[in-house]
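Quick notes on the structure that follows.
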2 protein chains.
Amino acid sequence: MPSQAATPNTGEQQPAARRRNARRAQILDAAWELARRDGLAAISLRELADRVDMRQPSLYWYFPSKAALYDAMFAQGFAQLVDERERLRLPRDPIAALRAGCRHFLEFCVREPVRYQLLFQPSVPGFEPSAESMRVAEVALGYLARWLAAAGAPDRDALDLMRALLLGLAGEQIANEPGGKRWIKFADRIVDVVIETPRRHRA
Amino acid sequence: MPSQAATPNTGEQQPAARRRNARRAQILDAAWELARRDGLAAISLRELADRVDMRQPSLYWYFPSKAALYDAMFAQGFAQLVDERERLRLPRDPIAALRAGCRHFLEFCVREPVRYQLLFQPSVPGFEPSAESMRVAEVALGYLARWLAAAGAPDRDALDLMRALLLGLAGEQIANEPGGKRWIKFADRIVDVVIETPRRHRA
DNA sequence: GTCTATATTTGGATAGAC
DNA sequence: GTCTATCCAAATATAGAC
């Protein structure tokens with residue numbers, strides 16, 4: 001997992017700030033590694049510090065609390081999603097574009113199950129993302145909303161349904177057959193459902 | 001939540017065993033209560049013991065470990081689902097029956113979010129249900145499989161898809177609007193998808 | 001910025017008397 | 001069956017020197 005967007009990183013940075021951000025990114029990388037191995041909730045600051053050749057209290061110079069660490073991971077995860085979506089080369093046809101975008105989203109989820117859990121499931125007992133991190137999450141959701149609107153489904157129901165069905169497929173794929181396609185192969189089918197059925201079901 | 005099926009309860013029971021099972025059920029009830037308040041992973045054996053007027057070590061006479069407590073909750077949750085499904089009065093028409101069964105499932109999930117998390121999400125860090133508990137879970141899944149088969153979708157794909165879409169709706173409903181219908185109102189629509197689309201999508 | 005040392009809390013689990 | 005007493009491990013967080 002690339003250690004991008006560990007910090008807003010907007011504008012110029014003094015060398016000191018640059019080094020600090022690089023170290024933060026390094027810590028985040030190690031945190032994801034531990035999360036992959038033991039689960040998100042089981043990240044230990046002691047072991048995390050070991051991985052980056054630090055003593056545990058030194059982490060507090062980079063993150064004021066463990067919750068802040070989770071929050072940074074949360075924001076980083078959505079920043080990665082936004083970044084990948086920005087780089088996608090989508091077909092011109094809006095429906096084909098929506099399909100491709102959804103397929104990418106499913107692949108994004110199953111590629112890193114632990115990231116999926118942090119971003120889309122209430123996975124860490126006491127953790128709630130900060131308002132700033134939620135904004136990044138909403139930016140990511142905006143892409144799906146625009147793809148849907150371009151494909152002829154601009155309403156809230158379509159977005160709700162699309163999100164739920166995609167997360168349902170991703171969740172089952174990850175829980176039951178990580179690495180396979182038994183669930184995510186239904187991607188195109190559910191896209192058709194969302195953009196086709198509103199006419200027939202006048203709820 | 002009724003404290004049923006705390007224990008297999010098959011055959012006759014000596015009075016001593018009966019009292020023990022009643023106490024187990026009482027402990028389970030209190031555990032669900034704590035889970036609702038603080039989350040599943042945050043259940044503390046000390047506070048749990050307080051709730052049933054015991055000292056913490058006494059719990060170990062009823063459950064050999066905390067994992068065993070979670071396992072009993074897991075089995076109990078699925079037993080409740082099976083029990084409710086057994087009592088359902090379904091329409092004769094197989095498609096209408098499938099719809100009703102799915103609507104009930106969604107209602108079952110949103111009625112007790114913490115139970116949904118334990119049964120259908122990897123919610124407690126180290127917990128894995130025992131083989132015996134998994135059998136109860138499979139019995140529950142069997143109902144959905146039979147309803148689908150009767151409605152003309154006997155294949156594995158239909159069951160996979162149905163499960164994923166239902167869990168997707170339930171998960172979003174619980175996460176974003178507990179108590180509402182913004183997602184579960186799509187129940188009938190996704191049922192139609194699963195039983196109608198196989199023809200058109202020859203995957 | 002990073003360290004040592006430590007505070008503080010909390011948790012699950014066990015031993016053994018009664 | 002239930003208790004008291006205790007163990008042991010692990011965690012986050014803080015204080016303050018350098």
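All values below were derived from every heavy atom in this structure, side-chain atoms included, with hydrogens, water molecules and symmetry-related copies excluded. Convention: sequence-line order gives letters A, B, ...; per-chain numbering from 1.
Taking atom CE on B/M54 and atom P on D/dT2, their separation rounds to 5 Å, with Å as the unit. When rounded to the nearest whole Å, the span between CD of A/Q56 and P of C/dT6 equals 15 Å. Atom CG of B/L59 is separated from atom C1' of C/dG11 by 14 Å (rounded to the nearest Å). Rounded to an integer number of Å, the gap from B/D50 CG to D/dC3 P is 11 Å. Atom CG of B/L45 is separated from atom P of D/dA9 by 19 Å (rounded to the nearest Å). One interatomic measurement links the two molecules: CD1 of B/I43 to P of C/dG12, which rounds to 9 Å at whole-angstrom precision. Distance CG (A/L48) to P (C/dT2): 14 Å, rounded to an integer number of Å. Summarising the geometry, the separation between OH on B/Y60 and C1' on D/dT6 is reported as 14 Å, rounded to the nearest angstrom.
With hydrogens and angles ignored, the 3.5 Å screen pairs no side-chain donor or acceptor of A/E47 with any backbone N or O of A/R51.
A/Q80 and A/E84 form no side-chain donor-acceptor contact under 3.5 Å, judged by distance and modelled atom types alone. Between A/Q76 and A/W32, the side chains place a donor N or O and an acceptor N or O closer than 3.5 Å (distance only, hydrogens not considered).
Both A/S58 and A/R46 sit near DNA chain C, but only A/S58 has its closest nucleotide nearer the 5' end. Along DNA chain D, the nucleotide nearest to B/R23 and the one nearest to B/P57 differ in position, and the one closer to the 5' end is contacted by B/R23.
Distances from the side chain of A/K66 to the nucleotides D/dT2, D/dT12, C/dG12 place D/dT12 closest. When distances are taken from the side chain of A/S44 to each of D/dC3, D/dT14, D/dA11, the shortest belongs to D/dA11.
Taking the six-membered ring wherever Trp is involved, the centroid distance between the rings of B/F78 and B/F74 falls below 6.0 Å.
Residue contacts for A/A16: at a heavy-atom cut-off of 4.0 Å it reaches the sugar-phosphate backbone alone, with no base atom in range. Among the heavy atoms of the strands, none lies under 4.0 Å from B/A41.
Within the 4.0 Å cut-off from OP1 or OP2 of C/dT2, at least one side-chain nitrogen or oxygen of A/Y62 is found. Distances shorter than 4.0 Å separate some side-chain N or O of B/R55 from OP1 or OP2 on D/dT4.
Looking at B/R182 and B/E172, no side-chain N of the basic residue comes within less than 4.0 Å of a carboxylate O on the acidic one, giving no salt bridge.
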